[in-house]
Amino acid sequence: MKVLCILANPKPIEESYSKRACMEFVNEYKKTNPDHELVVLDLYEKQQEHLSYENLSNAMKNYSNKMTDEANYFSSFDKYIVCSPMWNLTVPSILKSYIDHIIVKGITFKYSSKGIPSGMLKNKKVIYIGSRGGAYPFPLSLIAWDDKYIRFIFKFIGIKDFKKIIFQNTDKDPIKAAAKFPDFLNKIKEYSINF
Ligand SMILES: Cc1cc2nc3c(=O)[nH]c(=O)nc-3n(C[C@H](O)[C@H](O)[C@H](O)COP(=O)(O)O)c2cc1C
């Protein structure tokens, strides 16, 4: 079993709620599944680029290039952990840039003869580990696109098994948030054991 953990946060771990939560998840996961291969992909360390015209036009001609290589590598995993802060109601653009590289026709999705797209990745799962400065109970939940975007873009490529766990109010009430974080980490452990 191969697991890909995608990090989309420039902060060092000590300063990031989502990264600390994610690393707790990863460490617990490794304890529960010592024989699984877990790769951490830090998009800032990797210096993930935006999609270039060169890569885009090569992909259109079906050449092997950054997009196809990235998409094939991404597809080789069975489970995905996506770790991200909420930035301006969605995920940081570096994560979107990565997603732009791995959504590739013929690798992660295809069109039927009637032109209907369908995801090509089957029997895989994803968990979204996020953090937000505020809280988004309904109807504000309608404008919180971080988890929804990840859920629907993974669904587009065939991954319907989606779970999320989000730590909220980190900026709205920092003292309360810090006090609540140990409980959140306990919850993270439970999610990890069941992933
Ligand atoms: C550029 C930027 C944009 C942000 N936008 C939002 C936002 O739209 N909604 C929100 O609730 N918090 C927002 N925040 C606050 C972060 O989501 C919050 O600080 C969160 O805890 C960051 O996660 P981290 O601790 O893992 O870095 C923003 C923070 C930054 C730096």
Side-chain angles (χ1 to χ4, degrees), residues 3-32 38-51 70 74 77 79-103 125-156 159 161-195:
V3 187
L4 182 65
C5 172
I6 303 163
L7 302 179
N9 197 327
K11 286 185 189 169
I13 185 163
E14 323 79 71
E15 292 179 27
S16 161
Y17 277 112
S18 58
K19 266 188 172 171
R20 273 188 284 162
C22 186
M23 284 307 128
E24 186 78 15
F25 186 97
V26 162
N27 291 335
E28 198 63 30
Y29 186 89
K30 283 183 183 164
K31 272 193 231 161
T32 319
L38 196 151
V39 176
V40 175
L41 176 64
D42 185 322
L43 297 177
Y44 278 91
E45 267 177 23
K46 177 179 181 272
Q47 300 187 326
Q48 176 64 50
E49 295 167 356
H50 287 294
L51 205 48
E70 291 262 27
F74 176 87
F77 289 85
K79 298 181 189 179
Y80 304 90
I81 304 160
V82 179
C83 171
S84 169
M86 176 189 256
W87 278 6
N88 302 314
L89 302 177
T90 184
V91 294
S93 59
I94 201 164
L95 181 52
K96 174 65 166 56
S97 291
Y98 178 69
I99 289 167
D100 288 342
H101 281 76
I102 54 111
I103 309 284
K125 53 163 78 171
V126 57
I127 184 160
Y128 178 76
I129 299 175
S131 57
R132 295 169 172 167
Y136 294 80
F138 184 82
L140 285 176
S141 55
L142 297 174
I143 56 155
W145 290 303
D146 47 353
D147 56 326
K148 284 197 239 0
Y149 175 61
I150 297 302
R151 178 181 192 158
F152 286 105
I153 203 67
F154 272 72
K155 196 172 175 195
F156 180 75
I159 305 171
D161 188 339
F162 171 89
K163 289 197 174 47
K164 66 174 174 178
I165 175 156
I166 301 175
F167 192 58
Q168 301 198 108
N169 283 327
T170 63
D171 295 354
K172 199 171 157 192
D173 195 339
I175 292 170
K176 218 173 177 181
K180 280 186 168 178
F181 195 55
D183 279 349
F184 184 77
L185 291 181
N186 285 334
K187 242 200 250 173
I188 280 278
K189 279 188 188 168
E190 278 171 37
Y191 274 69
S192 176
I193 289 162
N194 296 314
F195 187 57

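Order of listing sets the numbers, starting from 1, for every ligand and every atom in it.
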Enumerated ligand 1 atoms positioned under 4.0 Å from heavy atoms of Gly134: 10 (C), 11 (O)

Go through ligand 1 atom by atom and flag the ones less than 4.0 Å from a non-hydrogen atom of Gly133. 10 (C), 11 (O), 12 (N), 15 (C), 16 (C), 17 (O), 18 (C)

From the candidates Met86, Glu15, Gln168, Lys19, the one that places a heavy atom nearest atom 13 (C) of ligand 1: Met86

Compare Trp87, Trp145, Tyr17, Tyr136 and give the one whose heavy atom is closest to atom 10 (C) of ligand 1. Tyr136

Looking only at heavy atoms, what is the nearest atom pair of Ser84 and Tyr128, with distance? O-OH, 3.5 Å

Of all protein heavy atoms, the one nearest atom 8 (O) of ligand 1 is Leu89 N, 2.9 Å

Just to confirm my output: which protein heavy-atom neighbour is closest to atom 24 (P) of ligand 1, and how far is it? Ser131 OG, 3.4 Å

Could you tell me if the ring centre of Tyr191 sits under 6.0 Å from that of Phe25? no

Hey, looking at atom 3 (C) of ligand 1, which of Ile166, Asn88, Ile13, Asp171 has the closest heavy atom? Asn88

Between Phe195 and Lys125, is there a cation-pi geometry (under 6.0 Å to ring centre, at most 45° from the normal)? yes

State plainly whether the residues Lys164 and Asp146 are in salt-bridge range, i.e. N to O under 4.0 Å. no

Lys31/Glu28 ion pair, N-O < 4.0 Å: yes

Between Tyr80 and Phe74, is there a donor-acceptor pair closer than 3.5 Å when you use the side chain of the first and the backbone of the second? yes

Check ion pair Asp42-Lys46 (N to O, under 4.0 angstrom): no

Taking 4.0 angstrom as the limit and counting only heavy atoms of Lys11, give me the atoms of ligand 1 inside it, by number and element. 24 (P), 25 (O), 27 (O)

In terms of atom number and element, which parts of ligand 1 are under 4.0 angstrom from non-hydrogen atoms of Thr170? 18 (C), 19 (O), 20 (C), 21 (O)

